Amino acid sequence: MKKRITSININKTKKPKVEKDVEEFTAGDDCDEETALAEFANPVPWQKIEAEGFDCDYALLFPKEEADILFRKLEEEVEYATGKEAQVQVFGKVYNIPRKQATYGDAGLAYTYSGVKRFACPWTPTLEHIREATTKSTGQTFNFVLVNRYKDGLDHMGEHRDDEKELDPLCPIASLSFGAVRDFIFRHKDSRGKNSQQYIEPVKLELAHGSLLLMNPPTNTYWYHSLPIRKKVTTPRINLTFRRIVMRGKKCIT
DNA sequence: GGGAGTGCATAGTT
DNA sequence: AAACTATGCACTCC
């Protein structure tokens, strides 16, 4: 059997684990009525992906035509960080981030990683629309999104966990993909390095145009993820990771 | 065989 | 420990 990028332990399920039910429609909610009804008429088929300490749900949330439109709108609307805001400091050295990045969210929120603090810009119409669609299909609410744009297969992101303290550890992270299909790799923390005691098979996924990957706890506790270089990819990909940031005192407030 | 692409470990630093 | 790079080595696939 050929070893391709495949996911392991995939079972088809109707829905991810949802605590709250999908939000109800109010009579006066005309703006997104059509979308909401369409999603209700055609519930998204989810794939459950599980491994040791690993729990994700994957679905094609937007059909191609709609995903194409959203991609185009994102290209128009999203403004990415430049200059110093596009740099990160690791091991005392300053690097240009090998991708473009932007942060949007509710007023006053900020997100810190690797010593860089980024304040949320106000939601754009498209980001707001995608956020609502994500909430409707997952039953989860989000107050922040990190936008990463990979202009081609050389843009990438190194292995890391989303273990920032200001993230609500019980809230899943929803990762939406638009544009070029890219490989997405998970590796268990106890299976890294030469002297790791156990070998745990990495989980390798292809994140498709219009797809939603819901990363449920405790996935982020045990698994690193990365978006590796793919030299044959020549077109851009935009990734949105919706999160819930916990407000703690003044820390996240301007 | 050999180059391209990839996977994976290591080192570096405050 | 580190959302980075660079390097070396092993491996697979044309």
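Lettering of chains follows the sequences in order, A, B, ..., and the numbering in each one begins at 1. As the structure is a computational prediction, the values presented were derived from the model and not from experiment.
Looking at heavy atoms from C-beta onward, A/Arg72 lies out of side-chain contact with A/Phe178 at the 4.5 angstrom threshold.
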Per-residue pairing states of DNA chain B in dot-bracket (Watson-Crick or G-U under 3.5 Å; . unpaired, | other strand) read .|||||||||||..
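Checked for salt-bridge contact, A/Asp183 and A/Arg230 meet the test: a charged N lies under 4.0 Å from a carboxylate O. Salt-bridge formation is not detected for the pair A/Asp152/A/Arg99: no Lys NZ or Arg NE/NH1/NH2 atom is positioned less than 4.0 Å from an Asp or Glu carboxylate oxygen.
A side-chain donor-acceptor contact under 3.5 Å links A/Tyr111 and A/Arg243. The closest side-chain donor-acceptor pair between A/Thr124 and A/Glu77 falls under 3.5 angstrom. Defined by atom type and a distance below 3.5 Å, a donor-acceptor pair is present between the side-chain atoms of A/Arg237 and A/Ser177.
Separating the CD1 atom of A/Ile229 from the P atom of B/dG7 is a distance of 10 Å, rounded to the nearest angstrom. The separation between A/His156 atom NE2 and C/dA6 atom P is 9 Å, rounded to whole Å. Here the P atom of nucleotide C/dA2 and the NZ atom of A/Lys93 are 18 Å apart, to the nearest Å. C/dA1 atom P lies 18 Å from atom CG of A/Asp162, rounded to whole Å. Residue A/Arg187 contributes atom CZ, which lies 16 Å from atom P of B/dT6 at whole-angstrom precision.
Across all strands, A/Lys231 comes closer than 4.0 Å only to sugar-phosphate atoms, never to a base (heavy-atom distances).
Distances from the side chain of A/Tyr224 to the nucleotides B/dG7, C/dA2, C/dT5 place C/dA2 closest.
Close to B/dG7, at under 4.0 Å from its OP1 or OP2, lies no side-chain N or O of A/Arg192. In this model, the phosphate group of C/dC4 is not approached by any side-chain N or O of A/His160 to a distance below 4.0 Å at OP1 or OP2.
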